[in-house]
Amino acid sequence: MVQYALIVAGGKGLRMGTELPKQFLPIGGKPVLMRTLEAFYDYNAEIRIILVLPHSQQDYWRQLCREYCFSLPHAIADGGETRFHSVKNGLALVKTPALVGVHDGVRPFVAREVIARCYDLAAGKKAVVPVIGVVETVRRMGGKGSVTVGRDDYRLVQTPQVFDAELLKAAYEQPYTPHFTDDASVVEALGVSVFLTPGNRENIKITTPFDLKIATALIGSCSI
Ligand SMILES: Nc1ccn([C@@H]2O[C@H](COP(=O)(O)OP(=O)(O)OP(=O)(O)O)[C@@H](O)[C@H]2O)c(=O)n1
Ligand SMILES: C[C@](O)(CO)[C@H](O)COP(=O)(O)O
């Protein structure tokens, strides 16, 4: 089955607050986004990568690729108003039948085994999502105060979320709602269940300046 990786990097990075969009920030001397694309090529050199970037950043990205001699082949699609719209733009370049994994451009530390397991499982399950357990106590906030909830009832959701491409395209034909914070929620709105599989704890979404410190430490301490 043909495999696609749809790498979304069309956001504004408001929580990071840097002038240079966070996907271009260097960690260990190389832009975050290049590390993310490399993770997918390391898994499968035949994978078809579609990178979603704001139109205004695409020339800069090409310039960076020349500067870093970065030659992994990939197509580029325009970013949209929300993550949902960015994924939808990228999906327009996907030909079926195929498996398509949607991955945040700012998650460069995804483990090769996690990528492999998500694609392998998606061939049968059609919708696969990597998750990790919660290691802290969790409280639910309410109007009258807060209450501790059982952390074993919760999981933190990562990417890549891998789907049968026809299913994902059908899901993304639905009208946008703000509840669509990931691809699984879009597919579930069709009434289709998703299959959960373990992710890796290093697979952080680089969102804030603190995450950047963790990312720098991870580069220095492991071989991911
Ligand atoms: N319109 C959007 C919004 C988000 N994303 C992507 O979705 C991933 C997860 O989003 P997040 O980390 O929250 O990024 P931003 O939306 O850029 O961050 P912020 O909310 O702080 O502005 C990122 O790779 C981001 O680039 C996207 O492709 N298009
Ligand atoms: C898709 C995602 O990374 C799963 O954890 C996450 O929902 C994206 O976060 P955002 O801040 O809502 O873009």
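We count residues from 1, following the sequence as given. Just follow the structure's listing: the first ligand is 1, and inside any ligand the first atom is 1.
Shown here is Gln63, whose CD atom has more than 12 heavy atoms of other residues, nucleotides or ligands within 6.0 Å. Counting non-hydrogen atoms of neighbouring residues, nucleotides and ligands closer than 6.0 angstrom, the NZ atom of Lys88 exceeds 12 such neighbours. Heavy-atom neighbours of Lys169 NZ from other residues, nucleotides or ligands within 6.0 Å: above the threshold of 12. More than 12 heavy atoms of other residues, nucleotides or ligands shown are found within 6.0 angstrom of CD on Glu67.
Here the NE2 atom belonging to His179 is positioned 9.5 Å from the OH atom belonging to Tyr176, to the nearest 0.5 angstrom. To the nearest 0.5 angstrom, Cys65 atom SG is 4.5 Å from His74 atom NE2. Rounding to the nearest 0.5 Å places CZ of Arg201 at 12.5 Å from CG of Leu218.
Protein heavy atom nearest atom 8 (C) of ligand 1, with residue, atom name and distance: Asp104 OD1, 3.3 Å. Scanning all protein heavy atoms for the shortest distance to atom 13 (O) of ligand 2 gives Arg83 CD, 4.1 Å. Closest to atom 4 (C) of ligand 2 among all protein heavy atoms lies Val157 O, 3.4 Å. Nearest protein heavy-atom neighbour of atom 6 (C) of ligand 1: Val8 O, 3.8 Å. Counting only heavy atoms of the protein, atom 6 (C) of ligand 2 lies nearest to Thr181 O, 3.7 Å. Protein heavy atom closest to atom 10 (P) of ligand 2, with residue, atom name and distance, is Lys205 NZ, 4.1 Å. In terms of protein heavy atoms, atom 15 (P) of ligand 1 is closest to Gly13 N, 3.7 Å. Protein heavy atom nearest atom 19 (P) of ligand 1, with residue, atom name and distance: Leu14 N, 3.5 Å. Protein heavy atom nearest atom 3 (O) of ligand 2, with residue, atom name and distance: Asp104 OD2, 2.5 Å. Distance from atom 11 (O) of ligand 2 to its nearest protein heavy atom, with residue and atom name: Arg15 NH2, 2.9 Å.
The distance criterion of under 3.5 Å between nitrogen or oxygen atoms is met by Gly10 with respect to ligand 1.
Evaluated by nearest non-hydrogen atom to atom 1 (N) of ligand 1, the leading choice among Pro54, Gly11, Gly79, Gly80 is Gly80. The residue among Arg15, His103, Lys22, Arg83 with a heavy atom at the shortest distance from atom 21 (O) of ligand 1 is Arg15.
Less than 4.0 angstrom separates some heavy atom of Lys205 from each of these atoms of ligand 1: 9 (C), 11 (P), 12 (O), 13 (O). Here is the list of ligand 1 atoms found below 4.0 Å of a heavy atom in Gly105: 24 (O). Proximity to Ser86 (heavy-atom distance under 4.0 Å) selects the following atoms of ligand 1: 1 (N), 2 (C), 27 (C), 28 (O), 29 (N). Residue contact check: Arg107 has heavy atoms under 4.0 Å from atoms 2 (C), 3 (O), 4 (C), 5 (O) of ligand 2. Every atom of ligand 1 is numbered from 1 in the order shown, and the set under 4.0 Å from a heavy atom of Glu81 is 1 (N). Taking every heavy atom of Asp182 and a limit of under 4.0 angstrom, the matching atoms of ligand 2 come to 1 (C). Atoms of ligand 1 found under 4.0 Å from any heavy atom of Val106, numbered from 1 in the order shown, are 12 (O), 23 (C), 24 (O).
The pair Arg83-Asp104 meets the salt-bridge criterion, since a charged nitrogen lies less than 4.0 angstrom from a carboxylate oxygen. Using a 4.0 Å cut-off between a side-chain N of Lys or Arg and a carboxylate O of Asp or Glu, Arg62 and Asp59 qualify as a salt bridge.
For the pair Tyr4 and Phe40, the minimum side-chain heavy-atom distance is 4.5 Å or more.
Side-chain polar atoms of Thr208 and Arg15 form no donor-acceptor pair below 3.5 angstrom. Side chains of Asn44 and Tyr119: a donor-acceptor N/O pair is absent below 3.5 angstrom, by distance only. Using a 3.5 Å distance cut-off with no hydrogens or angles, the side chains of Gln58 and Asp78 do pair a donor with an acceptor.
Using a non-hydrogen distance threshold of 4.0 Å, Thr82 registers as a contact of ligand 1.
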